[in-house]
S.K.: 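Following this message is one structure expressed as structure tokens.
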Number of protein chains: 2
Amino acid sequence: MARRYDHHPEELHRLILAAGHAHLAEVGFFRFSAREVARRIGYSVGTIYHVFGTLDRLMFEINTITFRQWADLLECRLAVAGDRRLDALVEAYFDFAFEHRTLWQAIWAHQVPAGMILPERSAQDRSRLTAIVIAEVAAVLPEPRREEADQLARSLIATVHGHCDYALSGAFALMGTGSPIELAKARLQDALGAKQPQRGVS
Amino acid sequence: MARRYDHHPEELHRLILAAGHAHLAEVGFFRFSAREVARRIGYSVGTIYHVFGTLDRLMFEINTITFRQWADLLECRLAVAGDRRLDALVEAYFDFAFEHRTLWQAIWAHQVPAGMILPERSAQDRSRLTAIVIAEVAAVLPEPRREEADQLARSLIATVHGHCDYALSGAFALMGTGSPIELAKARLQDALGAKQPQRGVS
DNA sequence: CGTCTAATTAAACACCGTTCAATAACTATT
DNA sequence: AATAGTTATTGAACGGTGTTTAATTAGACG
């Protein structure tokens with residue numbers, strides 16, 4: 001026992017995160033197991049506790065990776081979007097959630113303990129998605145209302161989030177026409193349409 | 001071992017549900033324990049499995065109780081509401097979630113297994129909340145658009161849900177003016193305001 | 001070469017969900 | 001009333017979990 005320097009500390013940190021992220025994607029939040037992560041990388045559980053201190057911190061950092069990937073997707077989609085940029089954001093939001101269901105649900109399933117101190121870097125990664133939406137909402141708002149952008153953007157994110165969550169939980173299942181994603185777009189239109197006419201409105 | 005008829009089957013069923021509901025309210029979904037429920041009622045774990053077959057079924061029925069209480073609150077609030085009935089519904093939605101945080105979160109944390117067959121009674125209890133909102137949305141829509149009510153109501157529920165979930169998860173925490181509940185009301189106003197002018201609009 | 005530090009581990013603890021054979025209490029039949 | 005049959009209930013077992021800790025040992029430092 002007590003081998004060392006198979007991996008440098010940073011490397012080990014990344015190794016655990018990568019294995020943990022992959023494991024979480026496979027089995028989902030409720031069947032996630034720190035022991036299984038340890039098994040996968042050929043270390044013992046204790047090492048994970050040594051590196052992360054708490055399971056909550058490991059889960060938090062894994063979810064931060066997911067946040068980063070999610071924001072990356074939104075940026076990619078914006079880069080190739082036409083003039084209906086907010087619709088593109090809604091689609092990216094949904095697409096990520098549906099394509100990486102287990103990872104996305106883990107974000108919301110994990111309750112970060114009250115007192116936990118968050119690394120600055122993580123907070124930044126996690127707020128990127130919000131920042132992207134705020135910028136686009138601000139761009140769409142007419143000049144005098146631009147100071148609303150922050151609040152309004154968060155409200156619209158919550159709106160899309162609600163539709164996405166309901167769709168994944170099956171609550172929308174029995175509905176005929178009007179997919180959740182189209183309904184979400186319609187609600188954004190309701191909130192923004194009056195304030196700023198977009199081209200090509202459906 | 002093997003005492004009998006301390007409680008009739010129905011009584012035992014209710015006893016487990018009541019204890020389970022109370023336990024869930026205290027510790028939340030992630031620390032819920034079937035063994036603890038058994039301990040509380042003075043039976044062994046096996047009995048719970050005998051009565052409910054699966055932990056998932058027990059959790060499902062406990063959550064159904066929560067759904068029932070939630071719909072009850074909405075109805076009570078409607079009964080004493082003024083002319084801004086939808087605002088009253090939004091408030092009731094939030095109030096229940098905040099007052100019974102653990103129970104409310106358990107509803108969304110619990111993934112009902114795909115194949116599970118649901119008792120008719122439960123499905124009814126669970127759909128009541130939606131039905132209440134549909135009725136109020138229909139009442140507010142102008143005659144020609146009344147057939148939209150079903151879809152629109154679900155979309156508005158998703159909207160409020162998103163705001164509520166975000167608020168509880170702390171994502172709204174750092175915002176200045178404009179509480180989540182007021183933002184949710186504003187989004188409903190956006191969606192319905194144009195279609196039906198309400199008195200006393202803020 | 002010896003000392004110190006800290007990474008790593010095995011093992012232990014106290015739980016958990018789930019299953020199942022054994023048992024005892026009730027029911028039905030004679 | 002006695003017997004046979006049914007079934008509610010249990011304890012115990014199995015394999016898993018998160019978390020903690022003392023022991024070990026690889027590497028760093030003098």
Side-chain angles (χ1 to χ4, degrees), chain A residues 1-17 19-21 23-24 26-63 102 106 109-116, chain B residues 1-17 19-21 23-24 26-63 102 106 109-116:
Chain A
M1 55 196 99
R3 128 203 97 168
R4 266 231 246 167
Y5 273 110
D6 271 18
H7 308 91
H8 301 233
E10 290 182 14
E11 223 176 335
L12 186 51
H13 188 98
R14 273 196 299 271
L15 194 65
I16 295 173
L17 278 184
H21 198 251
H23 173 52
L24 182 63
E26 282 178 27
V27 307
F29 184 78
F30 298 101
R31 275 175 245 169
F32 180 88
S33 156
R35 287 185 125 102
E36 174 61 24
V37 174
R39 243 172 265 131
R40 283 180 176 224
I41 61 172
Y43 280 77
S44 77
V45 215
T47 298
I48 289 183
Y49 277 85
H50 183 66
V51 173
F52 286 91
T54 300
L55 244 209
D56 276 316
R57 194 172 240 91
L58 171 59
M59 189 51 90
F60 178 83
E61 295 210 25
I62 289 175
N63 283 340
T102 51
H110 183 228
Q111 301 269 73
V112 182
M116 211 177 103
Chain B
M1 54 195 99
R3 126 205 98 169
R4 267 230 249 167
Y5 274 110
D6 272 18
H7 308 91
H8 302 232
E10 288 182 15
E11 223 176 333
L12 186 51
H13 187 99
R14 274 196 298 269
L15 194 65
I16 294 173
L17 278 184
H21 197 251
H23 173 52
L24 182 63
E26 282 179 28
V27 305
F29 184 77
F30 299 101
R31 276 175 242 168
F32 181 88
S33 154
R35 286 184 126 103
E36 175 61 24
V37 174
R39 243 173 265 130
R40 283 179 177 225
I41 61 172
Y43 279 78
S44 76
V45 213
T47 298
I48 289 182
Y49 278 84
H50 183 67
V51 174
F52 286 91
T54 300
L55 245 210
D56 277 315
R57 193 172 241 90
L58 170 60
M59 190 50 90
F60 177 84
E61 294 209 26
I62 289 174
N63 282 341
T102 52
H110 183 228
Q111 301 269 73
V112 182
M116 212 178 103

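Just the heavy atoms: all of them, side chains too, but no hydrogens, waters or symmetry mates, feed the values below. Here is how names work: the chains are called A, B, and so on, in the same order as the sequence lines, proteins then strands, and each is numbered from 1.
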S.K.: Taking NE2 from B/H23 and C1' from C/dC16, how many angstroms apart are they, rounded to a whole number?
M.R.: 11 Å
S.K.: Mind listing the closest non-hydrogen atom pair of A/A19 and A/V37 along with its distance?
M.R.: CB-CG1, 4.2 Å
S.K.: Given D/dG18, C/dC16, C/dT19, identify the nucleotide with an atom nearest to the side chain of A/Y49.
M.R.: D/dG18
S.K.: Minimum heavy-atom separation for A/I48 to A/A34, with atom names?
M.R.: CD1-O, 3.4 Å
S.K.: Base, sugar-phosphate, or nothing: which does A/V45 touch, judged by heavy atoms less than 4.0 Å apart?
M.R.: base
S.K.: Expressed in angstrom and rounded to an integer, what is the separation of B/F32 atom CZ from C/dT18 atom C1'?
M.R.: 15 Å
S.K.: Give me the residues of residues 52-63 of chain B where at least one heavy atom lies under 4.0 Å from an atom of DNA chain D, by number, or none.
M.R.: none
S.K.: Between A/H50 and C/dT8, does any side-chain N or O lie under 4.0 Å from OP1 or OP2?
M.R.: no
S.K.: In whole angstroms, how far is the P atom of C/dT9 from the CG atom of A/L12?
M.R.: 9 Å
S.K.: If each of A/G46 and A/E36 is mapped to the nucleotide of DNA chain D with the nearest heavy atom, which maps nearer the 5' terminus, i.e. the 5' end?
M.R.: A/E36
S.K.: Using a cut-off of strictly less than 4.0 Å, decide whether A/T47 has a side-chain nitrogen or oxygen near OP1 or OP2 of C/dT9.
M.R.: yes
S.K.: Let me know the distance between OH of A/Y43 and P of D/dT24, rounded to the nearest Å.
M.R.: 21 Å
S.K.: How are the rings of B/F29 and A/F30 set relative to one another: parallel (under 30°), tilted (30 to 60°) or perpendicular (over 60°)?
M.R.: perpendicular
S.K.: Under 4.0 Å between a side-chain N/O of A/S44 and OP1 or OP2 of C/dT8, yes or no?
M.R.: no
S.K.: Under 4.0 Å between a side-chain N/O of A/S33 and OP1 or OP2 of D/dG16, yes or no?
M.R.: no
S.K.: Can you tell me the distance, in whole Å, between the CD1 atom of A/I16 and the P atom of C/dT8?
M.R.: 9 Å
S.K.: Are A/M59 and A/L24 side-chain neighbours, meaning at least one heavy-atom pair lies under 4.5 Å?
M.R.: yes
S.K.: At under 4.0 Å, does any side-chain N or O of A/R39 touch on OP1 or OP2 of C/dT9?
M.R.: no
S.K.: Base of D/dG18, side chain of A/R35 - is there a donor-acceptor contact under 3.5 Å?
M.R.: yes
S.K.: Could you check whether A/H23 and A/F32 have their ring centres less than 6.0 Å apart?
M.R.: yes
S.K.: Calculate the interatomic distance between A/I48 atom CD1 and C/dA10 atom P; express it in whole Å.
M.R.: 14 Å
S.K.: Tell me the interatomic distance from A/F30, atom CZ, to D/dG18, atom C1', rounded to whole angstroms.
M.R.: 17 Å
S.K.: Looking only at non-hydrogen atoms, find the nearest pair between A/P113 and A/D56 and report the distance.
M.R.: CG-OD2, 3.3 Å
S.K.: Which heavy atom of B/F52 sits nearest to which heavy atom of B/H13, and what is that distance?
M.R.: CE2-CE1, 3.5 Å
